[in-house]
Chemist: 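This is the structure I have questions about; it appears just below.
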Amino acid sequence: MEISPGVFARAKKLKRPAVDELFAEVYPAVVRIARGLSGREDVAEGVVRFIMLRAARMIPTWRDETAAERWFLHHTVLTTRRAAAHQPAAQSDLLVGSGGGPSEPAYTAFVRAVRQLPVQQREAFLLHAGEHFNNRYLGVAMDCSTGAAQAHLDAAAAALRAVTAAGEFDPLVARISAAYAHLGPNQPEVFPAVGRWVTRGLRPQRIRRTIRLAIVLAILCGIGWTVWHWRLWRITGILHAPTTQPSPATQR
């Protein structure tokens, strides 16, 4: 997940083509992470919907492209974590079916063992195996220190090695990594999906901006009307003021 500085600078101004491009750069990773961590299409759809709609409102608050990248990573993982109780059935797990072809019992059992890990160990293992995150990115995504992220990853690896036969751990990890790579959307699907999310996400901001503009214009019109009315009152007062007549003493 990487956002180019030029795209971010234009998107910061809520330029629609740039916002589309920014979302297109992060959308595949958001989908992969949501699907990989949850293992369920319905849960992943809910996570993606929440992230993409909220992201449109967050654009003005991001300082730079790295802040945007961290936001997407962090909130995709935390939002998926809130749905961690909704575990997939073994055969319907997206990591089981995404590689194509029949699944071997050993691989299905390995995926099941991954799902039974404590939530942060599961996140560390899948993000490392699937997204190839190092300790720093794991810490950002999981909202913990790099040391804690490494501890979660080590604990996950130790627990999974304990339930696999000798020599099977690395091949099973490679297979789960390959299956994870298939969880992202196809490239032709990215921009149509992004366009829908951007349209829906920017609509409230545009409405609020229109309302703010209308309020400012109303205030300016009110000030203009008040100034005009005051000047008209002054001019009218001067025109209708009584002419001063000289006193009899002055005339003599």
Side-chain angles (χ1 to χ4, degrees), residues 1-3 25-41 43-44 47-48 50-51 66-90 93-99 103-184:
M1 181 185 293
E2 186 174 349
I3 299 172
E25 289 180 348
V26 301
Y27 181 72
V30 170
V31 173
R32 283 195 311 270
I33 293 171
R35 288 175 174 172
L37 295 187
S38 69
R40 292 177 50 157
E41 187 64 40
V43 172
V47 171
V48 172
F50 178 82
I51 293 299
T66 58
E69 292 167 5
R70 290 194 299 270
W71 186 92
F72 277 104
L73 285 178
H74 178 68
H75 286 276
T76 302
V77 172
L78 293 191
T79 303
T80 309
R81 185 184 295 174
R82 288 198 290 268
H86 304 285
Q87 290 289 307
D93 194 304
L94 293 176
L95 286 173
V96 173
S98 64
S103 176
E104 298 173 3
Y107 175 69
T108 303
F110 185 73
V111 173
R112 195 69 212 147
V114 171
R115 295 296 177 202
Q116 292 172 350
L117 291 170
V119 62
Q120 289 183 294
Q121 292 183 25
R122 180 167 69 246
E123 291 169 355
F125 174 80
L126 289 174
L127 292 173
H128 178 71
E131 296 292 334
H132 308 291
F133 284 171
N134 57 23
N135 291 356
R136 175 174 170 271
Y137 277 96
L138 286 177
V140 169
M142 297 168 58
D143 192 27
C144 64
S145 66
T146 56
Q150 184 63 55
H152 290 311
L153 180 59
D154 291 343
L160 293 172
R161 285 183 184 277
V163 297
T164 56
E168 288 188 357
F169 178 75
D170 290 336
L172 288 171
V173 172
R175 183 164 177 181
I176 210 169
S177 179
Y180 187 104
H182 287 86
L183 295 178

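In what follows, residues are counted from 1 in the order of the sequence shown.
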Chemist: Just how far is it from atom CG of Leu37 to atom CZ of Arg115, taken to the nearest 0.5 Å?
Modeler: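 Taking CG in Leu37 and CZ in Arg115, the distance rounds to 7.5 Å.
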Chemist: Looking at side-chain heavy atoms only, is the closest gap between His152 and Pro118 below 4.5 Å?
Modeler: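 Sidechains of Pro118 and His152: no contact.
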Chemist: Return the OG1 to CG distance between Thr108 and Leu95, rounded to the nearest 0.5 Å.
Modeler: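 CG of Leu95 is found 11.0 Å from OG1 of Thr108.
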Chemist: Can you check side chain to side chain contact (heavy atoms under 4.5 Å, CB included) on Glu25 and Glu2, steps first, answer last?
Modeler: CA-CA 7 Å; Glu25 289 180 348; Glu2 186 174 349; over 6 Å; no
Chemist: On a heavy-atom basis, which atom in Ala149 and which in Cys144 lie closest, and how many Å separate them?
Modeler: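 Looks like N-SG, 3.8 Å.
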Chemist: Could Arg175 and Phe110 be counted as a cation-pi pair, given that NZ or CZ must be under 6.0 Å from the ring centre and within 45° of the axis?
Modeler: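 Because its charged atom misses either the 6.0 Å distance or the 45° angle limit, Arg175 does not stack over Phe110.
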Chemist: How many angstroms lie between CE in Met142 and CD in Gln121, if you round to the nearest 0.5 Å?
Modeler: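 Interatomic distance, Met142 CE to Gln121 CD, rounded to 0.5 Å: 9.0 Å.
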Chemist: Taking all non-hydrogen atoms of both residues, which atom of Tyr180 and which atom of Leu126 are closest, and how far apart?
Modeler: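 In this case the closest contact between Tyr180 and Leu126 is CE1-O, 4.1 Å.
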Chemist: Could you check if a side-chain atom of Ile51 sits within less than 4.5 angstrom of a side-chain atom of Trp71, using non-hydrogen atoms only?
Modeler: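 Yes, at least one pair of side-chain atoms sits under 4.5 Å.
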Chemist: Return yes if some donor-acceptor pair links the side-chain N/O of Arg32 with the main-chain N/O of Gly184 below 3.5 Å, else return no.
Modeler: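 No; zero donor-acceptor contacts below 3.5 Å.
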Chemist: Report the distance from atom CG of Asp170 to atom CZ of Arg161, rounding to the nearest 0.5 Å.
Modeler: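 Taking CG in Asp170 and CZ in Arg161, the distance rounds to 5.5 Å.
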Chemist: Using every non-hydrogen atom in the two residues, find where Ala141 and Val77 come nearest and quote the distance to one decimal.
Modeler: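 Heavy atoms only, the tightest pair is O-CB, 3.3 Å.
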Chemist: Roughly how far, to the nearest 0.5 Å, is CZ of Phe50 from OG1 of Thr80?
Modeler: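 Rounded to the nearest 0.5 Å, the OG1-CZ separation comes to 11.0 Å.
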Chemist: Please report the interatomic distance CZ(Phe72) to CD1(Ile3), rounded to the nearest 0.5 Å.
Modeler: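 Nearest 0.5 Å value for the CZ-CD1 distance: 6.0 Å.
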Chemist: Is the backbone of Tyr137 close enough, under 3.5 Å, to the side chain of Asn134 for a donor and an acceptor to pair up by distance?
Modeler: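 Yes, the answer is positive, given that a donor and an acceptor are paired below the 3.5 Å cut-off.
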Chemist: Between Ala34 and Val47, what is the shortest heavy-atom contact and its length?
Modeler: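 Looking at all heavy atoms of both residues, the closest pair is CB-CG1, 3.9 Å.
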Chemist: Quick check: are there more than 12 heavy atoms from other residues, nucleotides or ligands sitting under 6.0 Å from NE2 of His75?
Modeler: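 Counting other residues, nucleotides and ligands, NE2 of His75 exceeds 12 neighbours.
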Chemist: What I'd like to find out is whether the side chain of Gln116 reaches to under 4.5 Å of the side chain of Gln87, using heavy atoms alone.
Modeler: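 Sidechains of Gln87 and Gln116: no contact.
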Chemist: Over all heavy atoms of both residues, which pair between Ala90 and Arg112 is shortest? Give the atoms and the distance, please.
Modeler: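 Closest pair (atom of Ala90, atom of Arg112, distance): CB-CD, 4.0 Å.
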Chemist: Considering non-hydrogen atoms only, spot the tightest contact between Ala157 and Phe169 and give its length.
Modeler: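 Scanning both residues, the minimum pair turns out to be O-CE1, 4.0 Å.
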